[in-house]
Amino acid sequence: ESGDFNGEGQPALRLHTDAIPLFEAYFLESQSEKALDEHVWLKSGGFLVIEETEACVVIDVNTGKAAGRGDLQKTILKTNLEAAEEAAKQMRLRNLSGIIIIDFIDMKDPEHKETVLQALERATAKDPVQTTVVDMTALGLVEVTRKKVRKSFYEQLKKGQD
């Protein structure tokens with residue numbers, strides 16, 4: 001309807017007069033808290049622990065609740081594949097940059113390692129910010145570099161609290 005747009009075709013602004021506060025109504029506080037949470041749960045029951053330091057960002061992958069179900073190597077592969085996708089998403093969401101180390105769960109099968117590395121490369125290819133997956137070490141650590149275009153979400157909010 002024409003009443004919902006200003007003269008330039010842009011959506012019109014509406015004064016929020018509801019009893020529920022705006023941030024609460026649109027879950028903005030809980031979403032921003034979630035984006036700062038150190039732990040990010042995966043569908044499989046595994047989780048990521050994301051820590052930003054001065055020198056780099058570390059993303060640690062854990063099996064969590066997924067451990068002990070069926071074939072351990074298949075569980076580890078599934079968790080690492082989910083983690084690759086979620087790590088790429090979190091890098092974009094949190095605007096993580098510089099050197100990012102992802103500590104995947106140790107995999108015995110070289111094919112599994114290659115599969116996880118390829119999944120991470122595909123997931124980071126979606127990123128509009130230049131992101132390079134360097135390689136996986138024998139310990140299952142993957143080095144990723146991501147160009148810094150602005151401060152991370154954590155740095156931006158931290159500065160606002162100082």
Side-chain angles (χ1 to χ4, degrees), residues 22-24 26-162:
L22 182 65
F23 272 54
E24 210 174 295
Y26 291 94
F27 305 103
L28 294 177
E29 282 184 47
S30 64
Q31 290 299 318
S32 61
E33 285 171 12
K34 190 175 178 183
L36 290 173
D37 197 356
E38 218 175 62
H39 288 75
V40 177
W41 288 95
L42 304 171
K43 289 176 191 158
S44 65
F47 62 95
L48 306 179
V49 178
I50 302 172
E51 293 186 48
E52 280 187 68
T53 70
E54 244 353 90
C56 66
V57 176
V58 179
I59 301 176
D60 187 28
V61 182
N62 298 278
T63 53
K65 299 172 188 171
R69 292 188 200 155
D71 181 349
L72 184 59
Q73 288 305 306
K74 282 185 181 175
T75 300
I76 289 171
L77 176 61
K78 181 181 178 194
T79 304
N80 280 341
L81 287 171
E82 271 185 44
E85 192 70 38
E86 188 61 36
K89 179 181 167 189
Q90 291 296 322
M91 285 185 252
R92 292 188 304 269
L93 178 69
R94 297 170 187 240
N95 197 35
L96 302 175
S97 59
I99 298 170
I100 301 162
I101 305 294
I102 305 173
D103 184 5
F104 286 101
I105 303 161
D106 290 339
M107 296 170 280
K108 293 181 178 20
D109 187 337
E111 285 183 26
H112 288 187
K113 290 180 182 183
E114 189 58 34
T115 300
V116 170
L117 203 53
Q118 288 174 357
L120 182 61
E121 287 170 347
R122 279 192 306 276
T124 57
K126 301 172 191 171
D127 197 334
V129 175
Q130 182 184 341
T131 306
T132 306
V133 176
V134 179
D135 202 7
M136 183 181 286
T137 69
L139 296 174
L141 300 175
V142 176
E143 181 184 351
V144 177
T145 59
R146 188 167 184 270
K147 187 175 180 179
K148 186 167 189 138
V149 289
R150 63 183 181 277
K151 291 183 179 181
S152 73
F153 187 58
Y154 174 77
E155 289 173 312
Q156 290 175 30
L157 286 178
K158 190 175 147 191
K159 288 285 183 201
Q161 295 171 353
D162 293 343

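Model, not experiment: these values are computed from the prediction.
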### Task
For the pair Asp127 (side chain) and Val129 (backbone), establish whether a donor and an acceptor sit closer than 3.5 Å, ignoring hydrogens and angles.
yes
### Query
Which atom pair, heavy atoms only, marks the closest approach of Leu48 to Ala83?
CD2-CB, 3.6 Å
## Note on the structure
Closest heavy-atom pair, Ala84 versus Leu120, reported as atoms and distance to 0.1 Å, is O-CD1, 3.6 Å
### Task
Rounded to the nearest 0.5 Å, what's the gap from CD on Glu85 to NZ on Lys43? Could you check?
9.0 Å
### Task
Identify the two heavy atoms, one from Met107 and one from Gln73, that lie closest to each other, and give their separation to 0.1 Å.
CA-OE1, 4.2 Å
### Task
Taking atom NZ of Lys78 as the centre, report whether more than 12 heavy atoms of other residues, nucleotides or ligands fall under 6.0 Å from it.
no
### Side-chain heavy-atom pair Val49, Ile59 within 4.5 angstrom cut-off
no
### Query
Donor-acceptor pair, Glu52 side chain versus Leu96 backbone, under 3.5 Å?
no
### Message
Please give me the minimum heavy-atom distance between Ala123 and Arg92, naming the atom from each residue.
### Response
O-NH1, 3.4 Å
### Query
Do the side chains of Asn95 and Arg146 get nearer than 4.5 Å, heavy atoms only?
yes
### Query
Is the backbone of Val40 close enough, under 3.5 Å, to the side chain of Glu86 for a donor and an acceptor to pair up by distance?
no
### Query
Could you state the interatomic distance from OG1 (Thr115) to CG (Asp109), rounded to the nearest 0.5 Å?
8.0 Å
### Message
Working to the nearest 0.5 angstrom, can you tell me the gap between Leu141 CG and Asp135 CG?
### Response
11.0 Å
#### Entry: Between CD1 on residue Ile101 and CG on residue Asp103, distance to nearest 0.5 Å
9.5 Å
### Summary
Here the gap from Asn80 atom CG to Thr75 atom OG1, rounded to the nearest 0.5 Å, amounts to 11.0 Å
### Query
How long is the span from the CG atom in Leu72 to the CG atom in Leu77, to the nearest 0.5 Å?
11.5 Å
### Task
Identify the heavy atoms of Thr79 and Gly46 that sit nearest to each other, and give their distance.
CG2-CA, 4.3 Å
#### Entry: Gln130 atom CD: more than 12 heavy-atom contacts under 6.0 Å
no
### Task
Check His39, Gln90, Glu38 against Ile50 for a side chain to side chain contact (heavy atoms under 4.5 Å, CB included) and give me the one that passes.
Gln90
